[in-house]
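So you know, we letter chains A, B, ... as the sequences are listed, proteins then strands, and number each from 1. From a predicted model like this one, the values you see are computed outputs, not experimental measurements.
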Amino acid sequence: MAFDDPTPPQIGHGVAVLVELPKHAGLNGVLSYRTTQPLAAGQLLRVPLGRRVVCGIAWGDDASGGAPQQGLGAAPTASDMAAPVLRDVAEALDALPPLDAAWRDLVTFAAAYYQRSTGELALSVLPADLRELDGPALQRRLRRLDKRLGRTPPSAPKKRRGKAVPEDEVTPDPVPPPDIEPPALPDLSDEQQAVLDALAACGAEPVLLHGVTGSGKTEVYLRRVAAALEAGRQALLLVPEINLTPQLEARIRARFPGRVTVAMHSGLGPAERLQNWLAAHLGWADIVLGTRMAVFASMPRLGLIVVDEEHDPSYKQQEGARYSARDLAVWRARHQGVAVILGSATPSLETWHNALPVPEGNGRYRRLAMPTRIGAGVLPQVRLIDLTRLKEQFGAKQLRDQPFAPPLLAALRERLDRGEQSLVLLNRRGYAPVLHCTACGWKSDCPHCSAWRVFHKLDRTLRCHHCGHAERVPRACPSCGDPDIQPVGRGTERLEEQLAAALPGARIGRIDADTTRAKGSLEAQLAQVHDGDIDVLVGTQMVAKGHDFRRITLVASLQADAALFSSDFRAPERLFALLMQAGGRAGRDAAQAARSELWIQTWHPQHPLYAALTAHDYPTFAAGQLLERQQAGLPPFAHLALLRCEARTQEAAVAFLAELARRAAELQTQQPAWAAILVYPPVPPSVQRVANVERAQMLVESPSRPALQRFLAAWLPSFQDEARQPGTRVLRWAVDVDPLAI
DNA sequence: AGCACGCCGACT
DNA sequence: GTCGGCGTGCTC
């Protein structure tokens, strides 16, 4: 510290400790404590904080030489001179090895990149139970884990509790190779073999594995996992959704008997979550399979990261620290010098751009392609139905009452007659998105949000999908009393009803967020489909992901067009991925592949997206999109950050962001390197009010990622307490770096 | 973020 | 007379 005030000499020495404090506490979550024994960086601790004792992480020696660290920019005051004495570390959880340097670097980077405090981020990615345990409780959990994994015979004394070792010399013992008969391996296609040869040769360079649905990407992953395990390393596999982990987990366990595989996702209970985390951290787990949170798993022997379906938006955390697990996976792999495979049939444009060679792309990743479906399966034939012609032919009313083109209906009937299954996609749940009074024009708006309440016919409710507000459907218009209130538009419930009317005798099923609310009900309903109890399945996009429906030979998408003209610049990319993925559901049985079809009803059949889809030509689609992005100054050619603000009034939210913008302009005049950064005026988001909270947002765009990073780091911290000043009626504000949607 | 302290309304 | 609303303020 700059003042040479005589701090009273202290026994022991200071240690910097990470605690769970948010950034607006002004301390980046680092506090100083006193300790009598040296503590390795990464060591888990219990430390007193206010009236509580909380979990902390030793973060190196105290840089300030024992004096408490002050908040950023805090002026020296009399209380500085008083130099409060540091409090003692309550306990070191030394039954656990410290979190290693690679892990600490990862959370340090992630916190800085996504503009959160290091303490908040580091602690929030540890299992909740771990943050609450003291030494004895931890010992009990460790014994339970020992028993579960059969690591030690019950009678044998443990010999793992070493004295604190200098942490970077900690090298956990690889698990002895399993002495269990390995299962027979499936034969590899030439394509798979070629990709595996290339992967074996390309070391730690990030790889995009661009493989169509059914080309056998998973087998490639498993071979690389096997290679990592044989080298004594751990493998980390990321998947987008919890739904997809049980299938893959079973396949991995069968493939690697004797190896330890653990799952990490939000569906696990707190106890199991801790056990699995401990198993990974101690190096006992060989394979970690999880959703985005698993990118932060502590893995001392990490040797491979796989990000399956890397384009999937679920990899972006949408609250708190808004990190991209895919991007962090690439950073982590690069930082640790391990291989990372990003797999997708429809890569994100960012990844695709990184994988294209210069000059089309930037050549940062190696691109490996698997364009062929295994077992001679061909991709489904794409059929476009021109709704404009249909309307001319049949009239608007007919179209509304029975929303299937006659040829599509005939195709559905044909499947029915042959005992095959069909999947109809509609990305809107409920019966109708809005109710409308024909007499006075009233619509079913939500009293708390700027959105319509959706009509759910089955439980006779009007429900707001934003705030959850639900009411019984009124018999008459609440505004004028007229009994003639009509559903407008169509959701999955209505589609189910219309299909039942159009296909008498067909067994119609529906899967969406409403039918799968109960735990395990998705699995049960999928099983029904697999067992052939359903002829036509209606669903939202949740059914398009990852599930194999071997007997489905027709997939239809009824209302895809919205994405073509959406203000969300990623909408076309998502639509293309969804339709490719949905089409991939069909015809995975070679015998049926020949007659499997993907039907799309559209008002714009000439749109280039559909042309590329018809040709199953992702590269052409991507090239077109990249050109548009470049012309519009959008990612991956520009880098974005989105500032969001919530307040009681729209004026307050906008005023707060405007003040931020004013300070940004000041900063930009001081620093020429930031002149190219654009700070757009604050605007309301598409849904401006949710649960009576007004929201505003402001876009920041920069041609250079490092410049954006430095700019945000200089700009935002000066605002940490702006929102708390009296008169600023701001509830919350936050920045979203690399937002998915603007 | 927690979790305090701190001043003003309807209950045992 | 207390329980409890959430408005400021601090945490080494």
Atom-pair distance (CG on A/Leu18; P on C/dT11), nearest Å: 18 Å

Please report, rounded to the nearest Å, how far the P atom of B/dA1 is from the CG atom of A/Leu731. 11 Å

Take atom CZ of A/Arg52 and atom C1' of B/dC3, then tell me their distance rounded to the nearest Å. 7 Å

Is A/Arg332 paired with A/Asp105 through a side-chain N to carboxylate O contact shorter than 4.0 Å? no

Round to a whole Å and report the spacing from CG of A/Leu123 to C1' of C/dT11. 14 Å

Residues A/Arg463, A/Glu471; criterion salt bridge (charged side-chain N to carboxylate O under 4.0 Å, His left out); working and verdict: CA-CA 7 Å; A/Arg463 285 220 299 268; A/Glu471 255 178 17; over 6 Å; no

Nucleotide nearest A/Leu21 when distance is taken to its side chain, options C/dT11, C/dC12, B/dC3: C/dT11

Rounding to a whole Å, what distance do you find between A/Leu49:CG and C/dG9:C1'? 14 Å

Could you check which of B/dC5, B/dG2, C/dC12 has an atom nearest any side-chain atom of A/Arg51? B/dC5

In whole angstroms, the gap separating P of C/dT11 from CG of A/Leu86 amounts to 13 Å

Taking the inter-plane angle between the rings of A/Phe109 and A/Trp331 on a 0 to 90° scale, is it parallel (under 30°), tilted (30 to 60°) or perpendicular (over 60°)? parallel

Atom CD of A/Glu319 to atom P of B/dA1: distance rounded to whole Å? 13 Å

Gap between atoms CD1 and P, on A/Ile57 and C/dC12 respectively (whole Å): 17 Å

Is the shortest side-chain N to carboxylate O distance from A/Glu350 to A/Arg570 below 4.0 Å? yes

